[in-house]
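What follows is a short report on a single structure.
Just so it is clear, the structure is predicted and the values come from calculations on it, not from any experiment.
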Amino acid sequence: MKMITGVSKMCCDGVIQCLEKEKVSILIKDRHTCLDLNDSNMYVLKKGIVKVSLIMQDEREFNITYLQGPDVVSLYCDCLTQFRDCHPKIRIESEQAELYCISKEKFYKRVKEDANL
């Protein structure tokens, strides 16, 4: 299965390095677990594979892409829901996935401070 990645690996490597430097905690989730996306948090996939979907108003699931870490998962959800009244769904597709979880406020503050991000 070919994976589609949205953010360049070089960009993600810098984000991962920053999160490791800040000692941001890592969530470990098992296969078929769905993330409870909290608007105040940013999720960055360190390792594993996730499926990004939208739950439509009539409750159908529309699959968008599969992401293989490292990738900034929350950016997809923010972009997808910006213009539509749909709910994003992130489901773990690998045996396990490791994700950084940081508040969006802290994440965007770091991005503004560090030109490499």
Side-chain angles (χ1 to χ4, degrees):
M1 169 170 43
K2 182 181 178 189
M3 294 296 143
I4 301 170
T5 56
V7 181
S8 73
K9 182 173 177 358
M10 191 168 103
C11 176
C12 286
D13 288 344
V15 171
I16 297 291
Q17 288 173 4
C18 176
L19 295 173
E20 287 177 353
K21 182 180 173 185
E22 296 287 324
K23 296 184 177 18
V24 172
S25 61
I26 296 175
L27 302 173
I28 298 175
K29 299 290 185 178
D30 293 325
R31 182 180 187 88
H32 293 164
T33 302
C34 292
L35 291 181
D36 181 18
L37 296 177
N38 182 341
D39 286 346
S40 64
N41 289 321
M42 180 68 73
Y43 294 92
V44 178
L45 180 62
K46 181 179 179 181
K47 292 181 184 175
I49 300 169
V50 299
K51 177 175 69 172
V52 179
S53 303
L54 284 177
I55 305 301
M56 309 304 279
Q57 289 179 347
D58 61 3
E59 298 188 21
R60 288 180 296 151
E61 184 174 342
F62 182 72
N63 297 328
I64 303 297
T65 190
Y66 286 82
L67 301 174
Q68 184 172 2
D71 214 323
V72 186
V73 175
S74 293
L75 291 178
Y76 282 91
C77 297
D78 291 349
C79 291
L80 292 171
T81 59
Q82 184 176 11
F83 301 108
R84 303 211 184 274
D85 189 22
C86 303
H87 301 286
K89 178 180 174 184
I90 305 295
R91 188 173 97 162
I92 309 304
E93 294 297 321
S94 53
E95 288 303 314
Q96 279 193 330
E98 296 178 15
L99 300 111
Y100 290 101
C101 180
I102 185 171
S103 77
K104 286 184 181 181
E105 181 180 340
K106 286 182 183 179
F107 181 81
Y108 287 120
K109 181 180 178 189
R110 300 289 185 267
V111 169
K112 287 180 183 178
E113 293 171 351
D114 187 344
N116 294 323
L117 297 179

F62 side chain near I64 side chain, heavy-atom distance below 4.5 Å: yes
Considering residues at least two apart in sequence or located in another chain, which fulfil the salt bridge (Lys or Arg N to Asp or Glu O under 4.0 Å) criterion with E20? K46
Applied to residues 50-60, the salt bridge (charged side-chain N to carboxylate O under 4.0 Å, His left out) test, sequence neighbours excluded, yields K51-E61, D58-R60
Nearest-0.5 Å distance, NE2 of residue H32 to CG of residue D30: 11.0 Å
Please enumerate all residues that pass side chain to side chain donor-acceptor pair (under 3.5 Å) together with E98, with sequence neighbours excluded. none
Would a 4.5 Å heavy-atom cut-off, applied to side chains only, mark S53 and R91 as touching? no
Interatomic distance, E113 atom CD to Y108 atom OH [nearest 0.5 angstrom]: 15.0 Å
With heavy-atom distances below 4.5 Å as the criterion, would you say the side chains of L99 and I92 are in contact? yes
Check for me, please, whether I55 and L35 land in the same ILVMFWY cluster - side-chain distances under 4.5 Å, paths through other members count. no
Minimal heavy-atom distance between A97 and L45, with the atoms involved, is CB-CD1, 4.0 Å
About how many Å separate OG of S94 and NZ of K47, when rounded to the nearest 0.5 Å? 11.5 Å
Show the nearest heavy-atom pair for residues C101 and L27, with the distance to one decimal. CB-CD1, 3.9 Å
Within the structure provided, determine whether V44 and I16 are in side-chain contact (heavy-atom separation under 4.5 Å). yes
Mind checking the SG-CD1 spacing from C18 to I102? Nearest 0.5 Å is all I need. 7.0 Å
Which residues share a side chain to side chain donor-acceptor pair (under 3.5 Å) with Q17, sequence neighbours left out: none
Would you compute the distance between atom NZ of K106 and atom CG of L19 and round it to the nearest 0.5 angstrom? 11.5 Å
List for me each residue that meets side chain to side chain donor-acceptor pair (under 3.5 Å) alongside E22, sequence neighbours excluded, and say none if there are none. R110
By side chain to side chain contact (heavy atoms under 4.5 Å, CB included), E95 pairs with (sequence neighbours left out) R31
Atom CG in N41, atom NZ in K104: separation rounded to 0.5 Å? 8.5 Å
